[in-house]
Structure formats: structure tokens, C-alpha cells
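The block underneath contains the structure these notes are about, expressed in C-alpha cells.
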Amino acid sequence: MIALSGLFVAAFLAATPVPFQSEVVFLAMQAAGWPPALLILVASIGNTLGSCVTYGLGRWLSDQRDHRWFPLKPAQMARAEGWWARWGLWLLLLSWAPFGDAIVALSGVLRVPLPLFLILVAIAKTGRYIALGWMGETAFGT
């Protein structure tokens with residue numbers, strides 16, 4: 001149970017601004033014989049919930065746009081909004097990628113409805129861990 005909690009925490013942190021990687025923990029547990037389906041479930045839930053933290057930070061930042069320290073200048077924000085207008089919600093399907101945290105935070109800043117956010121991010125995060133589990137099965141023969 002402690003190992004699964006560790007995977008959950010690793011996956012959670014990996015989806016927040018905290019620099020962390022969950023793939024190593026996932027693959028180490030898979031190599032140790034843990035069932036891939038259980039690892040996928042735990043990691044997907046943890047990573048999706050971690051993305052909710054990043055989304056929440058984005059929502060909070062949205063209210064801070066007029067402050068000098070807001071991370072995006074007005075021109076950058078306009079570019080981000082244009083990017084979002086062009087590609088829209090489907091960008092959330094890339095939330096698993098290395099630049100995914102920026103997409104997640106931007107979705108919070110732009111106030112994407114939470115239920116829609118959760119569905120798309122859960123699909124993306126679960127797909128990522130399914131692919132990782134498949135790669136682990138191929139590598140480890142589990």
C-alpha cells in the first residue's frame with residue numbers, strides 16, 4: 001500500500017509546478033511485478049488531481065492579470081488567447097506532454113469549465129499511463 005501511495009504522490013507532483021517525474025516510479029513498480037492496470041489507475045488519478053492544482057493556480061492567476069508581476073505581458077496573453085481560440089480545448093489532450101503544465105495553467109487562466117477540463121485531462125493522463133504500461137510490458141515482459 002505504501003508503494004501505491006508513493007506512485008500516487010509521484011504522479012500528483014509531476015502534474016504540478018513541482019519538478020518531478022512519475023515515469024521512473026511507475027516503471028520501477030511495474031518491473032517489480034505490480035499489475036499494470038493497478039499502476040495505470042493509481043497514476044492516472046494522481047496525475048489528473050495534480051493537474052487540478054495547476055488548473056486552480058491558473059484560475060487564481062486569472063484574477064491577478066492587472067498586477068505587475070503577472071507572468072504574461074498583455075501581448076503574450078493576447079497571443080496565448082489567440083492560440084487557445086485556434087486550437088481550443090483539444091490542447092488539453094496534450095496535457096501529458098512536457099509543456100502540458102503550461103496548457104493546464106492556461107486553461108485555468110482562461111476559465112475552461114471544470115467538468116470539461118477534467119474529462120479531457122483524465123483521457124490524456126490515462127492514455128499516457130496506458131502507453132507507459134504497454135512499453136513496460138514490452139520491456140519487462142510483465
Side-chain angles (χ1 to χ4, degrees), residues 1-73 76-142:
M1 194 62 172
I2 292 174
L4 288 175
S5 298
L7 175 60
F8 179 88
V9 169
F12 182 91
L13 289 175
T16 68
V18 175
F20 205 87
Q21 299 296 317
S22 61
E23 294 86 359
V24 172
V25 176
F26 183 100
L27 290 172
M29 290 180 69
Q30 190 172 5
W34 285 86
L38 181 59
L39 298 177
I40 290 165
L41 178 68
V42 170
S44 297
I45 291 170
N47 210 241
T48 300
L49 291 176
S51 287
C52 289
V53 170
T54 303
Y55 171 88
L57 289 170
R59 293 280 300 231
W60 176 78
L61 274 175
S62 177
D63 295 334
Q64 311 304 315
R65 285 187 186 189
D66 296 332
H67 288 64
R68 215 173 352 138
W69 55 264
F70 185 72
L72 298 175
K73 303 295 178 226
Q76 293 172 311
M77 192 64 203
R79 217 174 322 131
E81 288 170 336
W83 188 57
W84 194 268
R86 181 173 182 193
W87 300 104
L89 295 169
W90 302 115
L91 285 171
L92 286 170
L93 293 175
L94 296 174
S95 61
W96 60 269
F99 53 85
D101 290 343
I103 293 170
V104 168
L106 182 61
S107 70
V109 169
L110 298 176
R111 301 197 173 266
V112 169
L114 185 60
L116 192 52
F117 168 84
L118 278 173
I119 290 168
L120 292 172
V121 168
I123 289 168
K125 302 294 186 159
T126 302
R128 167 197 188 180
Y129 287 110
I130 288 171
L132 191 60
W134 175 78
M135 291 185 332
E137 279 189 38
T138 302
F140 308 128
T142 56

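All heavy atoms count here, side chains included; hydrogens, waters and symmetry mates do not.
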Return a table of donor-acceptor pairs under 3.5 angstrom between the side chains of residues 87-97 and protein atoms on other chains or two or more places apart.
unit_1 : atom_1 : unit_2 : atom_2 : d
Ser95  : OG     : Leu92  : O      : 2.9
Trp96  : NE1    : Leu93  : O      : 3.1

Q: Kindly indicate whether the side chain of Thr126, heavy atoms from C-beta on, has any atom under 4.5 Å from the side chain of Ile45.
A: no
Anything under 3.5 Å between a donor and an acceptor, one on a side chain of residues 15-22, the other on a protein residue two or more places apart or in another chain? List them.
unit_1 : atom_1 : unit_2 : atom_2 : d
Thr16  : OG1    : Leu13  : O      : 2.8
Thr16  : OG1    : Val18  : N      : 3.2
Ser22  : OG     : Tyr129 : OH     : 2.5

Q. Of all heavy-atom pairs between Ser44 and Lys125, which one has the smallest distance, and what is that distance?
A. OG-O, 4.0 Å
Q) Nearest 0.5 Å, what's the CD-CH2 distance between Gln30 and Trp134? A) 12.0 Å
Q.
Tell me which pairs pass salt bridge (charged side-chain N to carboxylate O under 4.0 Å, His left out) where either residue lies in residues 32-43, with sequence neighbours left out.
A. none
Q. With sequence neighbours excluded, what pairs up with Trp60 under the ring pair (Phe, Tyr, Trp, His ring centres under 6.0 Å) test?
A. Trp69
Q) salt bridge (charged side-chain N to carboxylate O under 4.0 Å, His left out): which pairs involve residues 51-60, sequence neighbours left out? A) none
**Q.** Pairing residues for Ala3 by the side-chain contact (heavy atoms from CB on, under 4.5 Å) criterion, not counting sequence neighbours
**A.** Met29, Trp34
Q) Which residue pairs pass the salt bridge (charged side-chain N to carboxylate O under 4.0 Å, His left out) test with at least one member in residues 81-96, sequence neighbours excluded? A) Arg65-Glu81
(Q) For the CG atom of Leu39 and the CD1 atom of Ile130, what is their distance to the nearest 0.5 Å? (A) 12.5 Å
Show the atom names and distances, to 0.1 Å, of all donor-acceptor pairs under 3.5 Å that link a side chain in residues 99-120 to residues at least two apart or in another chain.
unit_1 : atom_1 : unit_2 : atom_2 : d
Ser107 : OG     : Val104 : O      : 2.6
Arg111 : NH2    : Asp63  : OD1    : 2.7
Arg111 : NH2    : Asp63  : OD2    : 3.4

Q.
Less than 4.5 Å apart, side chain to side chain, heavy atoms only: is that true for Leu49 and Val53?
A. no
